[in-house]
2 protein chains.
Amino acid sequence: MRANTFKSDLFSQFARVGKALSNPNRLELLEFLAQGARSVESLANSTSLSVANTSQHLQHLRQAGLVTSQKKGLKVYYSISGDDVIHLLDSLRDVAERHISDVDKIVTTYLTAKDHLDPIPATELLKRVKQDLVTVLDVRPKEEYDAGHVRGAINIPIEELEQHLQQLDPAQEIVAYCRGPHCILAFDAVEQLRKKGFQAHRLEKGYPEWKVAGLPIEKTISTTH
Amino acid sequence: MRANTFKSDLFSQFARVGKALSNPNRLELLEFLAQGARSVESLANSTSLSVANTSQHLQHLRQAGLVTSQKKGLKVYYSISGDDVIHLLDSLRDVAERHISDVDKIVTTYLTAKDHLDPIPATELLKRVKQDLVTVLDVRPKEEYDAGHVRGAINIPIEELEQHLQQLDPAQEIVAYCRGPHCILAFDAVEQLRKKGFQAHRLEKGYPEWKVAGLPIEKTISTTH
DNA sequence: CTAGCATTCAATTAATTACTTGAATAGATT
DNA sequence: AATCTATTCAAGTAATTAATTGAATGCTAG
């Protein structure tokens, strides 16, 4: 029957994308890639995976159409295929957050702060930035910041925050962001900053969402090497 | 390390949703459920699955938060958990369509018509409806039409289309829709109608997308039974 | 053109998943 | 209370998936 094989062929294709999203390690790789292109080795170092295993997962993702790869010199760089993939990941997290009660349990178990630290939406941040009311703080590793960040944001990786507090104006509100709505770095940063007396908030989502919304970004220019 | 178990715990939760989307049969069940609530038996009849197997898949979906169940009399009715799930499914299909070349291959293999039969977007249909320029045709089974349909649409299930052509005004444009952007029913309907000399087009997406966009719908009132 | 490096491939093992079959449960109907 | 009906549970098999290890490939730079 024409209609039935068409249907099952199509659902099998859609399921390939679902399969790619069905492994926690692959989801972590996608979150890293959403920040910018990365080599296999670099990804393996950022996760707890072996290089060979990382490579296999990346190929799985590529076959599902979620990432693309490009060889540059000795290294192979993987990137997210498009903005639609960022939206898909956002949708996935959104559904999980709304309908799986364990997600909320995990967040409240690991984070002491109440009501998720009052996240502020991107549009609101943009407004305050224009009035010069806030310091925007990117707490991701330098590598990710360099690959692209919210325009005007300063970068203090979370591990260095305590040592570099003097870079921050105690009189001005701070809005911290990182990789996405559930990335712990910004949560941690806000907690630390509040303890030190700063007025700190978390950006509702992360850099990838800011970028695909078409909001202003900038990159650290890298010289050819 | 606090951050790492938080992260892997969270990604494991998100992966549960991915897992639920990783099986073609579950995706088909979700597509049916997106049309309206359905009993296990009814879903088993609409698919090629046994009742026990259908039940297991539905439980898998429920554990991932994608569907909810409610017992009414003898039967258990399953429903989509929320609009966010419809968006997730749309996002999934969108990514697959854009980045997996096989998807386009399948569509063009099974469908002779060129450029996917000129789909018209929902906003455009709404405009033409207001000017009374089109007949909106729902070609899904009556059960799905009754559970909810585009306001003003008439229902002729695809198998009955050939016998009921006299219900359609040959002078007016026809826009056909069904379960979603890749549902074959509307493709078939447009093909059939064009052969008979009608000016027919396909609605770009299906009923679930129309509904979650907040566009006007209506339901067939069912008496209690 | 050889040595070194990043990535991929191939083979294996352990774990998970899909589906079938038949029995069990929990409500509704007689 | 006994029976019927829709769904779920439980056990078993076949198939798929994740991760490890070590070898192979394909560039690059000396």
Side-chain angles (χ1 to χ4, degrees), chain A residues 4 8-9 11-30 32-33 37-64 66-79 143 224-225, chain B residues 4 8-9 11-30 32-33 37-64 66-79 143 224-225:
Chain A
N4 283 345
S8 75
D9 283 359
F11 282 125
S12 296
Q13 296 302 321
F14 298 156
R16 285 170 66 186
V17 180
K19 277 204 189 86
L21 302 173
S22 72
N23 178 285
N25 292 320
R26 280 196 292 271
L27 292 177
E28 187 178 12
L29 290 172
L30 285 171
F32 280 119
L33 291 173
R38 296 278 292 264
S39 70
V40 179
E41 192 189 20
S42 156
L43 287 167
N45 289 337
S46 293
T47 59
S48 57
L49 303 174
S50 70
V51 170
N53 196 193
T54 303
S55 171
Q56 273 174 232
H57 279 307
L58 289 168
Q59 283 171 69
H60 198 145
L61 289 171
R62 187 176 50 199
Q63 278 160 29
L66 299 179
V67 306
T68 57
S69 65
Q70 192 184 1
K71 190 147 193 172
K72 275 189 184 171
L74 269 181
K75 299 188 177 179
V76 176
Y77 287 85
Y78 280 82
S79 321
E143 178 183 12
T224 47
H225 48 81
Chain B
N4 283 345
S8 77
D9 282 359
F11 282 125
S12 295
Q13 296 302 319
F14 298 156
R16 284 169 68 185
V17 180
K19 278 205 189 84
L21 302 173
S22 73
N23 178 285
N25 292 320
R26 281 196 291 271
L27 291 178
E28 187 177 11
L29 290 172
L30 285 172
F32 280 119
L33 290 174
R38 297 277 292 266
S39 71
V40 179
E41 192 188 21
S42 156
L43 287 167
N45 289 337
S46 294
T47 60
S48 57
L49 303 173
S50 70
V51 170
N53 196 192
T54 304
S55 171
Q56 274 175 234
H57 280 307
L58 289 168
Q59 282 170 70
H60 199 145
L61 289 171
R62 187 175 50 199
Q63 278 159 30
L66 299 179
V67 305
T68 58
S69 65
Q70 192 184 1
K71 189 146 193 173
K72 273 190 185 170
L74 267 183
K75 299 188 176 179
V76 176
Y77 286 86
Y78 281 83
S79 320
E143 177 182 13
T224 47
H225 46 82

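Just so it is clear: chains get the letters A, B, ... in the order the sequence lines come, proteins before strands, and each one is counted from 1. The figures that follow rest on heavy atoms only: side chains count, while hydrogens, waters and symmetry mates do not.
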> Between Tyr77(A) (OH) and dC5(C) (C1'), how many Å, whole number?
Replying inline: 13 Å
>> Restricting to non-hydrogen atoms, name the atom on Tyr77(A) and the atom on Ser39(A) that form the minimum distance, rounded to 0.1 Å.
In response: CD2-N, 3.7 Å
Indicate every side-chain donor-acceptor pair of residues 17-24 of chain A with a distance under 3.5 Å to a residue at least two apart or in another chain.
unit_1, atom_1, unit_2, atom_2, d
Ser22(A), OG, Lys19(A), O, 2.6
Asn23(A), OD1, Asn25(A), N, 2.7
Asn23(A), OD1, Arg26(A), N, 3.1

> Is the backbone N or O of Leu43(B) less than 3.5 Å from a side-chain atom of Thr47(B), with the two atoms forming a donor-acceptor pair by type?
Replying inline: yes
>> Any base atoms under 4.0 Å from Ser39(A), or only sugar-phosphate, or nothing? Heavy atoms, all strands.
In response: sugar-phosphate
> dT17(C) phosphate, OP1 or OP2: any side-chain N/O from His57(B) under 4.0 angstrom?
Replying inline: no
> Once you build an axis from the first five pairs and another from the last five of the helix from dC1(C)-dG30(D) to dT30(C)-dA1(D), how far apart in angle are they, to 10 degrees?
Replying inline: 30°
> Atom CG of Asn45(A) and atom C1' of dC5(C): how far apart are they, to the nearest Å?
Replying inline: 14 Å
List every contact pair, protein side and nucleotides 20-30 of chain C side both N or O, where the distance is under 3.5 Å.
unit_1, atom_1, unit_2, atom_2, d
dT20(C), O4, Gln56(B), OE1, 3.2

> Is there a residue in residues 12-21 of chain B whose heavy atoms reach under 4.0 Å of DNA chain C, and which residues are they?
Replying inline: Lys19(B)
> Between dT17(C) and Asn23(B), is there an OP1 or OP2 to side-chain N/O distance shorter than 4.0 Å?
Replying inline: no
>> I'd like to check the ring pair (Phe, Tyr, Trp, His ring centres under 6.0 Å) partners of Phe14(A); sequence neighbours left out, ordered by chain and number.
In response: His182(B)
> In whole angstrom, what separates Gln70(A)'s CD from dA6(C)'s P?
Replying inline: 18 Å
>> Can you measure Lys75(A) atom NZ to dA6(C) atom P for me and round it to whole angstrom units?
In response: 6 Å
> On DNA chain D, which is the earliest and which the latest nucleotide, 5' to 3', with an atom closer than 4.0 Å to a heavy atom of chain A?
Replying inline: dT17(D) to dT28(D)
